[in-house]
Protein chains: 2
Amino acid sequence: MTVSRSTRQRDVISRLLEEAPGPLAVGDIHERARAELPRLGIATVYRTLKLLTEQRRIHPVLLDGETLYEATGKGHHHHFSCTRCGKVFTLHTCPVALPSGTVYPGGFIVEAHEVTLYGQCPTCAEGQGV
Amino acid sequence: MTVSRSTRQRDVISRLLEEAPGPLAVGDIHERARAELPRLGIATVYRTLKLLTEQRRIHPVLLDGETLYEATGKGHHHHFSCTRCGKVFTLHTCPVALPSGTVYPGGFIVEAHEVTLYGQCPTCAEGQGV
DNA sequence: TTCTTTGCAAAAGGTTTGCAGATGA
DNA sequence: TCATCTGCAAACCTTTTGCAAAGAA
């Protein structure tokens with residue numbers, strides 16, 4: 001097994017994800033990281049995301065047909081996708097009560113769940129104000 | 001505006017989606033439709049799905065990184081993705097109470113929501129039975 | 001007949017891989 | 001030093017588009 005080294009590229013990408021208020025798209029990550037690493041190639045971004053995912057430091061979130069990435073270890077949470085600005089936020093309140101093992105109508109045994117809410121984020125709701 | 005004609009390809013594809021118990025992947029649709037239309041090209045499948053989507057007769061469901069399609073007009077519902085067999089089912093019971101307009105903690109105005117449950121479908125739960 | 005639709009193949013968009021030079025330990 | 005990592009470009013895979021022939025009305 002190869003040993004994973006610490007590099008400037010990996011540090012920048014994982015820091016970006018740690019500090020983001022919600023999951024980020026690959027293109028976003030590439031663009032933001034380029035502010036610090038102008039020559040950063042997209043292949044490195046993909047390879048780093050794959051590595052961090054294997055290390056369980058981040059994980060993919062498939063939303064609106066896009067693959068977004070977010071840091072792990074932020075506890076049980078869901079997402080809010082703003083229909084105005086397109087940004088995705090992390091919600092720390094869960095709207096469902098479905099402990100693992102719950103038997104759902106129809107005989108489906110629930111192990112996990114995902115909830116995504118759509119609507120207007122606080123900023124857009126204010127800007128478009130009544 | 002061009003007039004949309006009725007063709008064998010379109011009939012077969014929309015019938016498949018109407019009769020399915022859950023959303024289908026593009027590859028699945030192509031494969032199943034080929035049983036009746038051996039020369040059916042993948043481009044026609046994509047064009048038909050796009051057309052039916054514009055007509056609001058079907059709509060895409062983005063699940064597990066795949067784009068699935070399902071017929072519309074089946075009321076408010078959610079999906080259950082079986083972690084054993086991979087099939088996706090439609091659930092007619094909704095586990096959340098979030099009417100449009102609800103203000104979620106943090107100031108997010110909810111317009112819609114999507115819920116996906118993961119676990120074992122009745123068939124797999126039985127097969128693997130205790 | 002006339003205009004739309006189809007199948008095929010080429011193109012496009014996003015992700016992955018091969019490789020030689022750069023880099024971390 | 002020397003195996004790992006990076007940037008670049010080519011390869012891949014899924015989806016879209018161009019075009020001539022087939023089909024609907």
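Note that these values count all heavy atoms, side chains included, but never hydrogens, waters or copies made by symmetry. What you see is a predicted model; the values in this text were computed from it and never measured. The chains referred to below are lettered A, B, ... by the order of the sequence lines, with proteins before strands, and numbering in each begins at 1.
For the pair Gly27(B) and Thr7(B), both in contact range of DNA chain D, the more 5′-proximal nearest nucleotide belongs to Gly27(B). Of the two residues contacting DNA chain C, namely Leu51(B) and Arg5(A), the nearest-nucleotide position lying further toward the 5' end is that of Leu51(B). Looking at which nucleotide of DNA chain C each of Thr44(B) and Lys50(A) is closest to, the 5′-most match is held by Thr44(B). The nearest heavy atom of DNA chain D to Thr67(B) and to Ser6(B) marks one nucleotide each, and the one closer to the 5' end goes with Thr67(B).
Side-chain atoms of Thr48(B) and Gln9(B) include no donor-acceptor pair closer than 3.5 Å.
Remark: nothing in residues 53-63 of chain B comes within less than 4.0 Å of DNA chain C through any heavy atom.
In this structure, the CD1 atom of Ile42(B) is 10 Å from the P atom of dT16(D), given to the nearest Å. Rounded to whole Å, atom P of dA22(C) lies 18 Å from atom CG of Leu37(A). Distance CZ (Arg39(B)) to P (dA9(C)): 10 Å, rounded to an integer number of Å. As a whole-Å value, the separation of Ile13(B) CD1 from dT6(C) C1' is 11 Å. Counting to the nearest Å, the P atom of dC5(D) and the CG atom of Leu49(A) are 15 Å from each other. Atom NE2 in His30(B) sits roughly 13 Å away from atom C1' in dT14(D) (whole-Å rounding). Per the geometry, CG belonging to Asp28(A) stands 13 Å off P belonging to dG14(C), to the nearest Å.
Partners of His78(A) under the ring-ring contact (aromatic ring centres under 6.0 Å, His included) rule, at least two apart in sequence or in another chain, are His76(A), His113(A).
In terms of phosphate contacts, Arg10(A) brings no side-chain nitrogen or oxygen within less than 4.0 Å of OP1 or OP2 of dG24(C). Here Gln9(A) reaches the OP1 or OP2 of dG7(D): one of its side-chain N or O atoms lies under 4.0 Å away. Taking only side-chain nitrogens and oxygens, Arg47(B) never comes nearer than 4.0 Å to OP1 or OP2 of dG7(C).
A side chain to side chain contact (heavy atoms under 4.5 Å, CB included) with Ile29(A) holds for exactly one of Leu40(A), Ile13(A), Ile42(A); it is Ile13(A).
No more than 12 heavy-atom neighbours from other residues, nucleotides or ligands sit within 6.0 angstrom of CD on Glu31(B).
A ring-centre distance under 6.0 Å is not found for Tyr104(A) and Phe80(B).
Residues Thr53(A) and Ile58(A) form a side-chain contact, since some pair of their non-hydrogen atoms from C-beta on lies under 4.5 Å apart. Annotation: side chain of Arg57(B) is not in contact with side chain of Arg10(B) (no heavy-atom distance under 4.5 Å).
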